[in-house]
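For reference, the structure discussed in these notes is given below.
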Amino acid sequence: MQQPVFCDVADVRARLGAAGYLADDAIATTVFLADRLGKPLLVEGPAGVGKTELAKAVATATGSELIRLQCYEGLDEARALYEWNYKKQLLRIQVANGSSPDPANDGRPGGWSEVEQDIFSEEFLLSRPLLTAIRRTEPTVLLVDETDKADVEVEGLLLEVLSDFQVTIPELGTIVAARRPLVVLTSNATRELSEALKRRCLYLHLDYPTAEREKAIVLSRVPEVAEALAEALVRTVRALRALELKKSPSIAETIDWAHTLVALGLDTLDEAAVRDTLGVVLKHASDHARAVAQLELN
């Protein structure tokens, strides 16, 4: 097992904090264990609670390159793992076909066997995020973002990578990681991930932070905002999250709202300010109408 990056849990908190991510004890402890045990970290929770930001902060804190695989419906092996450069292969074959045919070789060019080996060489291989992360020799954080949005078949691609940190390419053989990446998978829990995938990971559930912690996040990311305004802002955001909305405000949107109020030169969050800037945090007309009605902003 390779040398761990973090010394202890306190080191995780300090380095993530320096990277702009305020981690609580549960987050810091789980990140420390993922690094120390060499296991992938599955971070699950509602959209907008800082799952992707955690992976970015870990990459910054460890001086690692962030390799991101953004999952979506229809994602396949060619986009996740690798594919062959078919256009370049075809050109190579066409060039070979221009040479003299060999009757003993069914009329194909005499160097066909060499061509066949050539077109399945490194020169024609297009590396995608999973293979790229496995092959890197420098410190790497592999982020598999929104894993639950991908088809179930994609989880099968991840199993070999997460179990043995290796990728098998039939034409080239098995490529084993020279240096294991630190792997972070995120999920919004829109579907249940397979038990086989979960067994290979440590698990961390993230929810919206406490009012105190969210206020600290706002003050750290928007130092120009007054403490009283940050407190009022967080209180209002938490009231919005308590409503039955299509999309509750994320932490990033809370930060955006703080930037907005600073840009407008506002030092208080009165009803007029909330009504005029509500579009920063609510992006659906029905959510906007519900908030205006239930928070009595008319």
Side-chain angles (χ1 to χ4, degrees), residues 1-64 66 68 139-148 162 180-189 192-193 195 197-223 225 227 230-231 233-235 237-242 248-255 257-258:
M1 185 177 294
Q2 63 197 38
Q3 189 71 21
V5 178
F6 297 107
C7 301
D8 50 33
V9 175
D11 184 38
V12 175
R13 292 193 68 163
R15 290 165 71 173
L16 289 181
Y21 193 96
L22 300 183
D24 59 19
D25 289 338
I27 294 172
T29 300
T30 310
V31 170
F32 170 75
L33 291 174
D35 171 51
R36 184 57 58 97
L37 300 177
K39 293 182 70 69
L41 172 59
L42 171 60
V43 188
E44 195 168 58
V49 295
K51 303 184 295 295
T52 301
E53 288 301 314
L54 175 59
K56 292 179 179 179
V58 169
T60 300
T62 58
S64 302
L66 181 71
R68 181 174 181 171
T140 304
V141 171
L142 170 62
L143 168 60
V144 184
D145 211 9
E146 298 185 306
T147 310
D148 54 320
L162 301 184
R180 289 191 174 192
L182 201 163
V183 182
V184 178
L185 302 94
T186 72
S187 169
N188 296 334
E192 191 73 19
L193 299 178
E195 291 301 323
L197 182 63
K198 287 184 174 181
R199 277 198 307 272
R200 289 158 172 79
C201 304
L202 297 183
Y203 180 81
L204 173 66
H205 182 267
L206 285 188
D207 209 336
Y208 293 109
T210 62
E212 182 180 357
R213 182 163 171 260
E214 188 161 16
K215 175 185 169 184
I217 292 171
V218 170
L219 291 173
S220 69
R221 301 295 285 270
V222 193
V225 71
E227 184 172 349
E231 186 172 344
L233 178 64
V234 169
R235 187 167 55 248
V237 167
R238 291 175 68 82
L240 290 172
R241 289 179 185 148
S248 294
S250 67
I251 299 172
E253 286 164 333
T254 305
I255 295 169
W257 207 0

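For the single chain, residues carry numbers from 1 onward in sequence order.
A donor-acceptor pair under 3.5 Å links the side-chain atoms of Arg213 to the main chain of Leu22, judged by distance alone. Checking side-chain atoms of Arg200 against main-chain N and O of Lys39 turns up no donor-acceptor pair under 3.5 Å. Distance alone, capped at 3.5 Å, places no donor-acceptor pair between the Thr29 side chain and the Ala26 backbone. Put simply, the side chain of Asp148 never gets that close to the backbone of Ser187: no donor and acceptor are under 3.5 Å apart. For the pair Glu214 (side chain) and Ala211 (backbone), a donor-acceptor distance under 3.5 Å is absent. Panel note: side chain Ser250, backbone Val49; no donor-acceptor pair is recorded below 3.5 Å. Using a distance-only test at 3.5 Å, with no hydrogens or angles considered, no donor-acceptor pair links the side chain of Ser64 to the main chain of Thr60.
One finds a salt bridge joining Lys215 and Glu227 here, because a Lys/Arg side-chain nitrogen approaches an Asp/Glu carboxylate oxygen to under 4.0 Å. The residues Asp25 and Arg13 are annotated as salt-bridged, a charged nitrogen and a carboxylate oxygen being separated by less than 4.0 angstrom.
Exactly one of Thr30, Leu33, Leu42 qualifies for a side-chain contact (heavy atoms from CB on, under 4.5 Å) with Leu204. That residue is Thr30. Applying side-chain contact (heavy atoms from CB on, under 4.5 Å) to Pro40 and the options Leu202, Leu142, Val184, Val183 leaves one that passes, Val183.
Between the CD1 atom in Ile255 and the CG atom in Leu219 there is a gap of 10.5 Å [rounded to 0.5 Å]. Taking CD of Glu44 as the start and CG of Leu193 as the end, the distance is 6.0 Å to the nearest 0.5 Å. Considering OG1 of Thr147 and CG of Leu197, their distance stands at 7.0 Å, rounded to 0.5 Å.
Across all non-hydrogen atoms, the minimal contact from Lys51 to Val43 is CD-O, 3.5 Å. Between Leu66 and Ala55, the shortest heavy-atom contact is CD1-O, 4.2 Å. Contact detail for Arg68 and Asp145: the closest heavy-atom pair is NH2-OD2, 2.6 Å. Among all heavy-atom pairs drawn from Phe6 and Asp35, the shortest one is N-OD2, 2.9 Å. Nearest heavy-atom pair, Gly50 versus Tyr21, reported as atom, atom and distance to 0.1 Å: O-OH, 3.3 Å. When all heavy atoms of Val5 and Asp11 are compared, the closest pair comes out as O-OD2, 4.3 Å.
Using a 4.5 Å cut-off on side-chain heavy atoms (C-beta onward), Trp257 and Pro249 make no contact. Under the 4.5 Å side-chain criterion, counting only non-hydrogen atoms from C-beta, Thr254 is not in contact with Ile217. Looking at heavy atoms from C-beta onward, Leu162 lies in side-chain contact with Leu185 at the 4.5 angstrom threshold. With contacts defined as side-chain heavy-atom distances shorter than 4.5 Å, the pair Ser248/Leu240 does not qualify.
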- Query: Could you walk me through whether Val58 and Leu41 pass the side chain to side chain contact (heavy atoms under 4.5 Å, CB included) check?
  - Reply: CA-CA 11 Å; Val58 169; Leu41 172 59; over 6 Å; no
